[in-house]
Amino acid sequence: MSTITNELFIYNSLTGQKEKFEPIHENRVGMYVCGPTLYSEPHMGNMRTFINFDMIYRYLLKLGYQVKYVRNITDAGHITNSTGDDVDSIGKVARLEQVQSLEIVYKYNVNFQELQRIYNMLPPNIEPTATGHIQEQIEIIEQIIENGFAYVVNGSVYFDVRAYSEKFEYGILSGRKVDELAEETRTLNAQDEKRFFADFALWKKANPDDMQIWRSPWGNGNPGWHIECTAMSTKYLGSQFDIHGGGLDLKFPHHEDEIAQNCGSLGCNPAKYWMHANMLNVNGQKMSKSLGNYFLPKEIVEGTTAVFDKPYAPNVIRFSMMQAHYRSTLDFTSDSLNAAEKGFTRLSEAIDKLEKLPTVETSSQDVQAIVASFYKAMGDDFNAPILLANIFEAVKYINSISDGNATISKADLELLSTELTSFVLDVLGLSLSKASTDSKLAPVMDLVLDIRKTARENKDWTTSDKIRDGLAAAGIVVKDGKEGTSWS
RNA sequence: GGUUUUGUGGCCGAGCGGCUAGGCAGCGGUCUGCAAAACCGUCUACAGCGGUUCGAAUCCGCUCGAAACCUCCA
């Protein structure tokens with residue numbers, strides 16, 4: 001009952017069910033996550049996806065798996081919008097940016113690495129780029145053509161969905177049926193070269209305004225926008241690996257087409273478990289520039305977005321995200337973030353208390369059960385909100401011990417301390433600012449608080465409050481507890 | 001229109017057939033020189049209408065509302 005379990009169930013988007021996680025190779029996990037496109041700075045919604053998969057990665061590590069985590073960087077593909085009628089100013093701006101595509105890639109790559117640090121994300125084992133794998137993409141396209149699931153038209157290569165559907169099931173992930181797709185009233189572009197409207201490009205003949213062009217057996221051009229993931233995932237993880245993740249918005253067509261490409265070239269679905277992270281809303285709506293609720297991950301930390309009237313620490317953002325399940329939409333509002341801020345403070349203060357807790361012979365609570373509840377929550381499809389709920393039960397217990405209303409044994413304290421900090425730091429990826437262990441500040445604070453203590457003993461409230469107010473102005477909060485005064 | 005989801009208390013969010021979610025806010029206490037924190041107690045829920053069931057927020061149907069995707073855009 002209170003046994004710690006490392007059983008893990010994962011909701012598989014492919015089957016629509018929670019399934020027991022059994023890696024293809026014992027103790028090893030191959031995980032591929034669709035990464036950012038470096039033609040703009042990822043917004044907060046993109047970051048939620050990456051942070052959620054960071055949490056998933058961290059829990060897999062916590063369970064002792066040897067994880068190979070691959071997340072691509074999209075720095076190539078179709079960057080043109082050759083509609084021919086970009087007379088509006090937005091089109092002109094886009095055109096300008098295209099001219100500088102390489103610069104933009106460098107710029108946003110640096111930016112993205114910085115964001116990963118700010119939000120305390122573990123780096124993947126490999127971050128391959130699309131432009132570094134053009135040859136692999138070409139080889140897979142050749143294989144698909146050879147297998148009869150793609151055709152060449154005028155320097156471009158298209159995936160043949162109808163031919164594919166005779167042998168495989170197109171739409172297996174998204175639930176779309178080829179026949180139903182066919183009934184759609186969507187009108188095709190007049191210049192369309194595709195045999196069937198559901199066909200998609202594997203290789204696209206170069207346009208005159210393309211800045212990045214590669215040679216191929218079919219002439220100069222660009223790879224299609226799904227093929228890079230197929231090329232890089234199979235190269236680094238093999239034709240079949242354990243987990244493929246990404247944002248929910250990538251489910252169709254991107255992931256659906258990845259499956260088609262993998263089946264069409266290698267004959268199998270690339271991933272055993274497909275995982276999709278849900279979207280982030282702001283003030284009840286999808287983030288959108290026109291709605292005025294759009295902001296960047298750095299802006300919210302720096303307080304430079306007009307959406308919120310104060311900055312929020314990366315820890316608070318992460319904490320807030322961890323309070324929602326990765327498969328649910330999450331709404332960011334000032335109220336929800338303020339609540340998260342206070343909740344996170346409560347959590348970190350309890351963890352600070354851990355090392356000073358008094359121990360006795362017996363514990364008044366079943367610590368083993370508390371710790372088991374942590375694993376159980378995460379084992380149920382990475383249910384971080386339940387984990388946090390259970391952690392807050394532990395927080396209450398810790399505070400009670402600190403107040404003398406509950407007890408804990410030495411062995412239990414060690415267990416609780418180790419596991420709690422591990423789940424908070426290693427799994428949820430939160431970091432605690434331990435001001436009280438600051439080597440330079442600590443002796444000063446000891447001195448100051450000692451003076452204040454003397455003043456309080458003499459009932460010299462003026463001096464005592466002056467010290468407290470002065471420290472508060474410097475950002476240091478003083479709290480008078482039963483066991484003495486603490487600060488943070 | 002199609003596919004996939006979704007609608008929980010003042011706010012954010014779990015639960016998904018019977019058992020307290022949790023955080024924040026509110027109210028009443030305890031503690032405290034005051035403050036803060038903490039602790040104890042407590043109040044607001046499951047969109048609506050039917051159905052299945054001994055029993056439904058949880059399953060099914062309908063109505064109303066919301067979201068993502070629907071192909072060259074990661």
Side-chain angles (χ1 to χ4, degrees), chain A residues 13 16 34-40 42 46 72-74 77-82 130 156 158-159 161 171 173-177 180-181 183-186 188-189 192 194 197-202 204 222 224-226 228-229 246-254 256-257 276 278-279 281 284-286 319-320 323-325 327-347 349-350 353 377 383-393 395-396 398-400 402-406 456 459-461 464-465 468-469 472 477-482 486 488:
Chain A
S13 299
C34 292
T37 310
L38 294 178
Y39 288 100
S40 65
N46 295 326
N72 69 302
I73 286 172
T74 298
H78 281 244
I79 54 166
T80 63
N81 52 344
S82 315
S156 293
Y158 295 95
F159 192 90
V161 169
L173 177 68
S174 59
R176 276 161 234 259
K177 301 272 181 288
E180 286 168 1
L181 284 166
E183 286 163 15
E184 285 177 11
T185 53
R186 175 180 296 275
L188 296 177
N189 291 336
D192 209 303
K194 293 184 284 188
F197 71 95
D199 294 351
F200 55 92
L202 297 172
K204 194 77 176 171
N222 297 293
W225 34 294
H226 310 304
E228 64 167 277
C229 285
L248 192 58
D249 53 341
L250 295 178
K251 200 171 180 183
F252 187 87
H254 184 61
E256 191 68 65
D257 290 349
H276 291 96
N278 216 134
M279 307 286 103
N281 285 167
Q285 284 177 300
K286 177 193 172 186
F319 178 86
S320 174
Q323 278 193 306
H325 189 95
R327 281 192 289 121
S328 299
T329 53
L330 168 63
D331 196 19
F332 264 18
T333 63
S334 284
D335 283 350
S336 71
L337 289 170
N338 288 338
E341 192 167 49
K342 293 198 176 178
F344 177 67
T345 302
R346 184 157 182 244
L347 173 59
E349 285 178 355
K353 284 183 197 167
N383 201 325
I386 291 290
L387 169 63
L388 274 172
N390 295 339
I391 283 177
F392 272 103
E393 295 297 336
V395 165
K396 192 178 250 188
I398 291 166
N399 285 329
S400 291
S402 177
D403 281 5
N405 299 322
R456 292 183 73 217
K459 298 202 190 303
D460 178 4
W461 309 127
S464 141
D465 289 355
R468 186 172 66 196
D469 294 346
V477 181
V478 171
K479 289 172 189 167
D480 299 322
K482 264 183 182 161
S486 65
S488 57

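First the proteins, then the strands, lettered A, B, ... as listed; each starts at 1. All values derive from a computational prediction rather than experimental measurement.
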*Plane angle bin for A:H226 and A:F200 - parallel if under 30°, tilted between 30 and 60°, otherwise perpendicular*: perpendicular

*What is the nucleic acid contact for A:L347, judged by heavy atoms within less than 4.0 Å: base, sugar-phosphate only, or nothing?*
nothing

*Considering only atom P, compute the distance from B:A45 to B:G51 and round it to an integer number of Å.*
24 Å

*Is A:S464 side chain donor-acceptor paired with the B:G33 base, going by distance under 3.5 Å alone?*
yes

*P-based separation of B:U44 from B:U6 [nearest Å]*: 28 Å

*Kindly say whether, by distance alone, the side chain of A:D331 makes a donor-acceptor pair under 3.5 Å with the base of B:G13?*
no

_So A:N338, base contact, sugar-phosphate only, or nothing? Heavy-atom distance under 4.0 Å._
nothing

*Using the P atom on both, measure B:U42 against B:G22 and round to a whole Å.*
12 Å

*Would you classify A:R346 as touching base, sugar-phosphate or nothing, given that sugar-phosphate means primed atoms plus P, OP1 and OP2, and contacts are heavy atoms under 4.0 Å?*
sugar-phosphate

*What is the distance from NE2 of A:H276 to C1' of B:U6, rounded to the nearest Å?*
17 Å

*asked:* Using heavy-atom distances to pick each residue's nearest nucleotide on RNA chain B, tell me which of A:N383 and A:S400 is more 5'.
replied: A:N383

_Once you apply a heavy-atom cut-off of 4.0 Å, does A:V478 come out as touching a base, just sugar-phosphate, or nothing?_
base

*Mind checking A:H325 for me? I need base, sugar-phosphate or nothing, with any heavy atom below 4.0 Å counting as a touch.*
sugar-phosphate

*So, does the side chain of A:D249 form a donor-acceptor pair with the base of B:A74 at under 3.5 Å?*
yes

*Could you tell me whether A:Q285 contacts a base, only the sugar-phosphate backbone, or nothing, with contacts defined as non-hydrogen atoms closer than 4.0 Å?*
nothing

*A:N278 has an atom CG; how far is it from atom P of B:U6, in whole Å?*
9 Å

